[in-house]
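Reviewing the structure listed below.
Quick note: numbers below take in every heavy atom, side chains included, and nothing from hydrogens, waters or symmetry partners. Just so we're on the same page: letters track the sequence lines, and every chain starts at 1.
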Amino acid sequence: MAKNSNEGGDGAEEGEFTFAWKLFTSWDYLIGNAETADNKFASITTSFKVEFVMSLLGLVCPPLFETIAELEEYHPRIALKWQLGRIFALFLGNLYTFLFALFDEVNAKLEKEKSIKNATIWAMNEYYSNYTAYHNTTDVPPPDIDPADVIRGPCWETAVGIVTYLTILIGDFLRALIVRFLNYCWCWDLEAGFVSVVLFSAP
Amino acid sequence: MGTTASQLPKDLLSEYQELTFLTKQEILLAHKRFTELLAKEDRSSTSQRVPMEKVLTMPELKSNPFRKRICHVFSTSEAKDGSLTFEDFLDLLSAFSDSATLEIKSHYAFRIFDFDDDGTLDCGDLEKLVNCLTGETDDTRLTPEEMRQLISNILEESDIDKDGTVNLSEFQHVISRSPDFVSSFKIVL
């Protein structure tokens with residue numbers, strides 16, 4: 001069932017190199033801070049463990065449910081319902097992994113924010129003491145900075161929001177709309193062939 | 001401080017620009033940082049080596065679990081002690097720069113991960129690699145059973161010719177499809 005896993009056709013199939021990618025490409029060489037590195041270690045370990053559970057579920061669940069359906073001599077409709085329930089559970093698992101990735105992102109951004117804040121405070125102190133020393137007055141006007149140049153921290157809320165919206169809106173919703181409505185006037189059957197909406201891509 | 005930049009002759013600078021992926025500013029900054037690592041009396045000579053221990057103290061490498069491997073891979077030292085000349089150092093920065101190609105980056109990544117330098121990633125290399133990525137502390141380490149499972153999964157995914165190791169072309173095959181590799185394999189001064 002559901003052979004049309006994602007776009008299908010050319011390119012790497014989703015999940016083809018899950019473990020290898022995690023091992024070979026997950027370290028960020030720009031990390032230059034011991035605390036961030038520790039967070040990264042913990043998140044890599046967690047992601048390995050989560051991936052284990054997922055692959056185990058994928059290995060064990062389908063045969064199990066099939067056997068149950070067989071033994072109980074379920075009507076195909078009931079068996080299908082079971083299968084859909086299983087897929088739903090797997091999707092929840094995916095969402096869980098996604099949330100973990102987001103937490104990771106938030107931690108990294110908070111780290112950066114802290115360092116930018118420190119640098120800003122330092123620069124302001126520098127400005128005030130320099131001004132006092134140079135003009136010999138304690139009445140210091142606020143620094144002359146264009147509003148566009150004011151130092152800002154990284155806005156993790158925006159980054160996370162953008163990722164979420166892109167994933168859900170473009171990834172799923174728009175594709176579903178396009179496939180459903182363009183299908184009436186398209187050269188091939190969109191729902192069955194290329195760019196089909198994958199509702200049930202369970203193993 | 002101001003005199004360090006002028007120590008790099010113009011012709012040498014333009015040669016380095018030709019040979020690396022670095023811009024003029026990046027090379028000058030690299031030279032400044034490199035001379036800071038050298039002892040004062042050695043600063044005049046150009047082929048002076050910085051010992052690995054000194055290189056590892058740089059903030060850009062300090063928290064990197066592969067820092068020693070990186071030094072060994074880019075070092076041209078005969079004694080295999082991981083010490084770097086300025087040209088080794090430029091090589092390193094060039095491979096980790098923004099403009100280096102996927103092929104170059106994946107080639108060096110392979111050599112960094114090849115802990116025993118035998119030209120292929122075997123189980124021992126993969127185990128060391130996993131241990132590097134999960135950190136030193138016990139609570140983030142994988143259990144031996146998890147480790148065995150992980151390595152067998154990885155070999156199943158990437159060992160195309162089923163010889164029990166991942167060679168360079170298999171490695172590049174896996175890496176080239178990864179969306180994150182090029183953006184994360186980067187070190188900037």
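Of the inter-residue distances, the one linking Phe110(B) atom CZ with Phe24(A) atom CZ reads 8.5 Å to the nearest 0.5 angstrom. With rounding to the nearest 0.5 angstrom, the CZ atom of Phe48(A) is 12.5 Å from the CD atom of Gln149(B).
Within residues 112-133 of chain B, the residues approaching chain A closer than 4.5 Å by heavy atoms are, in numerical order, Phe113(B), Leu121(B), Leu126(B), Leu129(B), Val130(B), Cys132(B), Leu133(B).
The two residues Phe52(A) and Glu146(B) make their nearest non-hydrogen contact at CZ-O, 3.3 Å. Minimum interatomic distance between Trp27(A) and Ser63(B) (heavy atoms only, all atoms of both residues): CZ2-O, 3.7 Å. Listed here is the closest heavy atom pair of Ile154(B) and Phe19(A): CG1-CB, 3.7 Å. Here the shortest heavy-atom pairing between Val174(B) and Ala20(A) reads CG1-CB, 3.7 Å. Heavy-atom minimum distance, Arg177(B) versus Trp21(A): O-CZ2, 3.0 Å.
Looking at Ile70(B), the atoms closer than 4.5 Å to chain A (heavy atoms on both sides) all sit in the side chain, from C-beta outward. Of the atoms belonging to Ser43(A), not a single heavy atom falls under 4.5 Å from chain B. Of the atoms belonging to Leu30(A), heavy atoms from both backbone and side chain fall under 4.5 Å from chain B. Heavy-atom distances place the side chain of Phe96(B), and not its backbone, under 4.5 Å from chain A. Looking at Asn33(A), the atoms closer than 4.5 Å to chain B (heavy atoms on both sides) all sit in the backbone: N, CA, C or O. Contacts between Lys49(A) and chain B at a heavy-atom distance below 4.5 Å involve the side chain alone, from C-beta outward.
Using cut-offs of 30° and 60° on the angle between ring planes, the pair Phe185(B) and Tyr29(A) is perpendicular.
Remark: Glu170(B) pairs with no residue by the salt bridge (charged side-chain N to carboxylate O under 4.0 Å, His left out) rule, at least two apart or across chains. Considering only residues two or more places apart in sequence or on other chains, Phe98(A) meets the ring-ring contact (aromatic ring centres under 6.0 Å, His included) condition with none of them. Take Lys62(B) and apply the salt bridge (charged side-chain N to carboxylate O under 4.0 Å, His left out) test, not counting sequence neighbours, and it matches no residue.
The side-chain heavy atoms of Asn64(B) and Ile31(A), taken from C-beta on, include no pair separated by under 4.5 Å.
When each of Ser183(B), Gly135(B), Ala109(B) is checked for heavy-atom pairs under 4.5 Å with chain A, Gly135(B) comes out on top.
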